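Just so it is clear, the structure is predicted and the values come from calculations on it, not from any experiment. Chain letters run A, B, ... following the sequence lines, proteins first, then strands; residues in each count from 1. Computation of the quantities below employed the complete heavy-atom set of this structure, encompassing side-chain atoms and omitting hydrogens, waters and symmetry-equivalent molecules.
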Amino acid sequence: MSDANEQQQKIIDHTEGPLVVDAGPGTGKTSTLVKRYIALLERDVKPNDILMVTFTNNAAAELRDRIRDAMSKAGRLDEINSIRTSTFDALCLRMVLGSPDIVSRFFNIDPILSRKARLVDNESLNREHFMLFYSDFIREHGDRYRRDGNDVTALMGGLRTDLYKLINKMMARGMIPFRYDWFMDGESLAKGRMNNIGNVFANLDMKKMRKGVLDLADKDDYAVPAEILNALEKEEDRIPPEIYESLANDDKRFLMLEFVRDVYFAYIERSVRDNRLTFGLTALFAFAVLYTDERTRKLHSVEHMMVDEFQDTNELQMEICLLLLKKPNLCAVGDWKQGIYGFRYVSPDNILNFEEKTRRLMRALNRDRQRIPFEVPEKFSKIPLQENYRSSALVIEKSFRALDAKTAKDDDVARIEDDPNIVMLRSSGDPLRNEHTGFDMIYGESLEDQQRAILDKIKDYVFSGDHKIAEGGGLRDVRYGDIAVLCRNGKFCRSLKELADKEGVHAFLHGDVEIMSTREGKLVLAWLRYVNNASDIKGKTAILADMGASLSYMDSVLGRNGSEGTMPRNLSDQRLTLLRKRRRPNDLITSIFEFYGLSNDITQAITTILSRAYSGSLITISDLIRLIEDDINNETKYNVDALVNPDAVIIQTAHSSKGLEFPIVIVAGLDNRSFPSYKGDSEYLYFDEELGVRCKKEYFSRRDGDVLYERIINSWRDKLIRDVCKKQDRSEERRLLFVAMSRAKQYLCLAAGNDPSTFFKHFGEGDIFEGGGYESGLAYDMRRSQTPKIAQYSKRRKNVSVHELMEAQGAAFAEGIDELSGKGADYGTAVHDAAYLISCGIEPNQEYPELEEIRRILDSLRGAEIRTEIRCALPAGDVTLRGIIDVMAEFDDRIEIHDYKTDENDLNLPLYKLQLSIYAHAAMGARGKRAVCFIDYVSQKKSIEFNPLPMTDIEAAVLNL
DNA sequence: GTAATGGATCTTTTT
DNA sequence: GATCCATTAC
């Protein structure tokens with residue numbers, strides 16, 4: 001391990017009292033943490049008294065490995081098994097299951113959590129559990145919330161999902177309900193700080209306010225009370241107190257708050273009764289146990305605590321940290337600039353205002369008795385790490401520029417040099433990185449153009465020879481695996497990956513996938529339905545449609561055109577086989593995939609998820625069906641452990657790139673409204689620090705004679721508050737851009753489409769560094785930087801179908817193409833369709849003499865992964881050739897490309913060789929294996945095997961166009 | 001100059 | 001259904 005730099009050493013030596021480490025990207029915080037750990041041991045602190053907390057299992061495991069390593073080097077082998085590293089969640093679970101009975105004491109409820117309580121990590125199942133509980137709650141207590149001309153039950157009827165989300169947010173925020181009130185300051189948090197922000201109203205433009213109210217009064221789906229309008233009439237230039245009062249508080253809202261609290265509390269009670277934990281509940285209960293029980297506190301508390309990624313902690317986690325300390329030795333390591341998890345109710349506040357928050361929380365937690373056994377420390381230290389060992393000076397400079405990029409045209413963001421919280425870094429890594437570095441910007445005229453420009457840029461990095469990677473003190477050429485493309489959203493990732501496959505660029509998509517919406521997921525759903533109920537039309541239709549059955553065929557099979565209608569024999573047989581496995585879902589699902597010869601990362605993930613759900617709380621096949629349907633509806637994503645090709649470009653979201661580094665990074669999709677994203681909170685029920693718990697809808701009733709009109713309408717109060725009083729904070733988008741850009745070690749590139757965002761323009765328009773005050777005194781000069789010329793991707797690639805290309809190859813062949821065989825083109829198509837059905841395991845209802853040969857060919861491919869009718873694309877010259885491969889069989893060592901021909905002679909052979917060679921090159925590019933071609937003359941019962949023609953022949957053919 | 005209107009386009013996810 | 005921005009209206 002290399003020596004620590006000056007600042008790192010300060011951190012290592014700082015062993016007494018609270019310490020915040022501002023660890024920007026690439027500053028070596030993990031190695032500093034490891035060294036600090038060893039330093040503590042050398043001061044005779046026992047391993048049992050040092051707790052290292054991280055967020056992910058990976059991070060915890062890595063930290064543990066590195067500490068072990070360092071300890072064995074330091075000759076401390078005897079203590080190696082006492083290292084305490086943990087994730088927050090594992091730590092909390094251990095504490096809860098250690099003293100489960102305390103939870104009931106804290107909440108004063110009858111049911112008692114048992115040691116066998118289970119943590120359910122499937123979000124769909126948890127949501128479903130909540131919904132079941134909620135229906136029971138409404139049935140029993142719904143009437144309570146219909147009073148005083150209000151009906152919260154009706155209001156919430158359509159907002160159940162929002163309610164579930166809100167409760168989870170409140171957990172993270174440390175808002176805890178009791179039966180009749182809230183824990184600590186929960187109530188004032190729920191009500192919001194409206195009373196303290198009178199000055200917000202004082203500064204409001206009365207004209208704007210008046211107009212806002214009057215506009216809403218005119219609309220059908222709002223109901224502004226008459227007294228508010230009257231008040232507005234009277235007061236000319238001052239905001240009438242009635243409006244102020246009505247915005248801040250009103251009875252309707254208070255009944256809603258009561259409802260939310262009661263549901264929240266009853267949900268906790270029910271979860272305890274069902275012995276069922278979620279991640280949120282586990283943390284909440286861990287806090288409850290620590291807060292209540294001195295014994296548990298003593299059992300788990302430590303003298304030293306180091307928390308990594310502290311900017312990602314929420315309020316509850318920070319409280320748990322404080323309750324776990326014997327002494328004020330909390331070392332919080334993180335970087336507020338990388339706080340990008342606001343949507344999980346985390347804000348960089350914990351690290352930015354560490355001192356103030358610690359004081360406040362300690363006071364609150366010790367208010368009635370001393371739970372934290374020390375006084376609020378006098379001194380809080382903050383040490384920044386300023387040496388960056390990852391990136392070139394250029395990359396660092398550009399990354400920091402992200403922090404003052406405007407998120408909208410009129411955004412007035414402070415320049416980074418004016419922001420006291422920003423600590424500049426110097427590049428201290430391999431000096432070769434500063435020689436071989438670059439910053440580029442590219443854009444295209446459309447989304448696809450942008451993605452093609454990205455792929456071209458990748459090829460340029462890899463093949464032009466203009467770029468070198470610094471490694472082990474030397475230089476080497478660029479490989480695909482050095483490059484990462486970081487996008488704002490998953491959709492962009494997926495479409496880019498698709499295009500990369502078509503263009504033969506080796507790429508690997510990292511990230512969670514909506515696996516239930518894939519073909520594999522839908523097949524399982526269809527089969528489960530069909531197995532569960534032999535007359536399930538949806539299931540049967542999906543199975544047949546997947547096999548490419550025609551509409552008329554499906555009608556006859558499903559008995560829709562008057563006939564009896566039976567499923568094909570092999571399908572009904574398969575159903576019976578599966579039915580016997582209905583109690584063994586793992587086996588059942590595996591068999592479904594086997595039937596299709598499917599075995600890949602997606603099938604793997606689906607099998608695991610469904611089996612796990614089954615072994616948990618689900619019992620029947622209909623439960624599994626519901627789970628899959630839920631996941632499809634809710635677009636639930638699951639992690640898929642894909643096989644990683646070490647030499648492939650990594651495509652992932654900017655969020656998931658946190659903590660990683662790559663020699664070359666392309667930040668993609670810097671498009672207007674996309675990155676930065678302008679999308680606001682879509683929840684109708686939400687919590688906001690200032691506004692408290694609010695609802696965008698309200699219950700409205702009007703009595704007209706004997707008739708009562710009831711409606712759920714938009715809340716004028718909420719609309720006004722958000723329109724007039726709230727400005728939205730998009731700083732997180734800047735931090736996300738910062739995270740993405742600072743992953744790069746040497747080369748950085750930004751990409752946009754036809755409508756670039758403010759972020760993209762920030763780096764492209766004019767010389768933004770001119771006259772700037774970059775007198776930071778650091779080792780590089782920012783003003784030296786050039787604004788790059790933006791290379792536009794102008795030439796749009798033309799798509800050419802393989803058949804067009806063949807037709808263009810001269811008169812000699814043209815004749816043959818039009819009449820594929822003596823039997824005509826229609827006949828050829830019919831045979832192809834039948835062949836497709838056979839490859840899917842279905843017997844076609846029409847028999848052709850050629851099918852015997854086709855069965856023989858498919859038989860000969862046993863052992864290979866067979867895919868049929870695949871679209872493929874191959875860039876050649878300045879066009880992209882596209883076509884459909886009849887059969888592609890992938891063996892371990894090779895790929896076989898087959899194409900059925902019904903010709904009676906060999907006249908078109910040279911042309912077909914060209915056609916299959918194109919397919920072969922596309923397949924070789926996509927799969928990285930050699931390919932062999934087979935022209936299967938199924939009418940003549942012979943196959944011609946050959947090696948694909950070289951690319952030069954294909955390019956020559958393109959020139960003939 | 002400012003206000004009203006219309007068009008385009010819309011996310012992230014450890015445990 | 002919200003929200004920014006460009007265009008039009010005054």
Side-chain angles (χ1 to χ4, degrees), chain A residues 53-62 86-94 119-123 126 165 168-169 171-172 205 207-208 211-212 215 219 221-222 277-283 286 308-309 311-314 316-317 338-346 406-411 447 486-494 510-514 634-639 652-660 669 671-684 686 696-697 714 718-719 722-723 726-728 730 732-733 735-737 739-740 753-755 757-758 761:
Chain A
V53 187
T54 60
F55 278 87
T56 65
N57 287 323
N58 276 344
E62 196 202 328
S86 180
T87 64
F88 266 110
D89 296 283
L91 184 67
C92 290
L93 189 62
R94 220 175 306 129
L119 172 63
V120 179
D121 62 359
N122 185 300
E123 241 338 271
N126 288 333
K165 284 186 195 159
N168 274 295
K169 277 196 170 178
M171 286 183 199
D205 182 352
K207 240 171 106 184
K208 218 174 154 185
K211 186 168 182 329
D215 274 2
K219 292 187 176 163
D221 47 351
Y222 289 90
L277 298 170
T278 64
F279 287 116
L281 284 169
T282 308
D308 198 7
E309 307 283 9
Q311 77 280 359
D312 292 342
T313 53
N314 60 36
L316 196 61
Q317 287 164 330
Q338 297 185 64
I340 53 175
Y341 286 113
F343 59 91
R344 276 196 319 233
Y345 215 68
V346 162
K406 284 183 195 298
T407 57
K409 259 204 160 137
D410 56 354
D411 185 13
L447 181 76
L486 308 180
C487 322
R488 179 66 181 81
N489 60 48
K491 211 168 113 196
F492 193 101
C493 291
R494 280 189 295 278
H510 167 99
D512 291 357
V513 182
E514 283 176 43
N634 295 313
E635 298 169 355
T636 311
K637 295 173 184 69
Y638 292 96
N639 191 278
Q652 62 186 162
T653 61
H655 276 92
S656 60
S657 73
K658 199 167 144 201
L660 305 176
D671 299 317
N672 197 8
R673 282 150 228 261
S674 177
F675 193 10
S677 163
Y678 289 148
K679 193 157 181 184
D681 268 347
S682 54
E683 271 89 46
Y684 285 107
Y686 64 95
K696 294 184 190 174
K697 301 264 178 197
N714 294 321
D718 187 73
K719 175 82 174 139
R722 279 180 298 119
D723 282 3
K726 277 303 262 191
K727 71 254 163 258
Q728 67 284 327
R730 300 203 195 288
E732 193 165 297
E733 294 289 316
R735 297 198 290 270
L736 183 59
L737 181 63
V739 167
N754 60 329
D755 186 11
S757 70
T758 49
K761 290 177 186 160

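- Mapping N714(A) and T758(A) onto DNA chain C by nearest heavy atom places N714(A) at the nucleotide closer to the 5' end.
- Within 4.0 Å of F343(A), counting heavy atoms only, lies at least one base atom of the nucleic acid.
- Across all strands, N489(A) comes closer than 4.0 Å only to sugar-phosphate atoms, never to a base (heavy-atom distances).
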Report task. Start with the C-alpha gap between D411(A) and T758(A), add the side-chain angles, then the distance that decides, and say whether side-chain contact (heavy atoms from CB on, under 4.5 Å) holds. Result -> CA-CA 10 Å; D411(A) 185 13; T758(A) 49; over 6 Å; no
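- Among the protein residues, R735(A) comes within range of no part of the nucleic acid, since none of its heavy atoms lies under 4.0 Å from any strand.
- In this structure the side chain of R344(A) never reaches within 4.5 angstrom of the side chain of K169(A), judged on heavy atoms.
- Distances shown here put every side-chain N or O of R673(A) at or beyond 4.0 Å from the OP1 or OP2 atom of dA2(C).
- Under 3.5 Å, the side chains of D718(A) and Y684(A) contain no donor-acceptor pair of N or O atoms.
- Under 4.0 angstrom from either OP1 or OP2 of dG1(C) there lies no side-chain N or O belonging to Y684(A).
- Residue G490(A) is in sugar-phosphate contact alone, with no base atom involved, counting any heavy-atom pair closer than 4.0 Å across all strands shown.
- Contact annotation for N672(A): no contact, since no heavy-atom pair falls under 4.0 Å across all strands.
- Atom P of nucleotide dT14(B) and atom CD of E62(A) are separated by 18 Å, given to the nearest angstrom.
- In this model, the phosphate group of dA6(C) is approached by a side-chain N or O of K409(A) to a distance below 4.0 Å at OP1 or OP2.
- Between T282(A) and dT15(B) there is no side-chain polar atom (N or O) within less than 4.0 angstrom of OP1 or OP2.
- With distances taken from any side-chain atom of T87(A) to the nucleotides dT15(B), dT14(B), dT12(B), the minimum falls on dT15(B).
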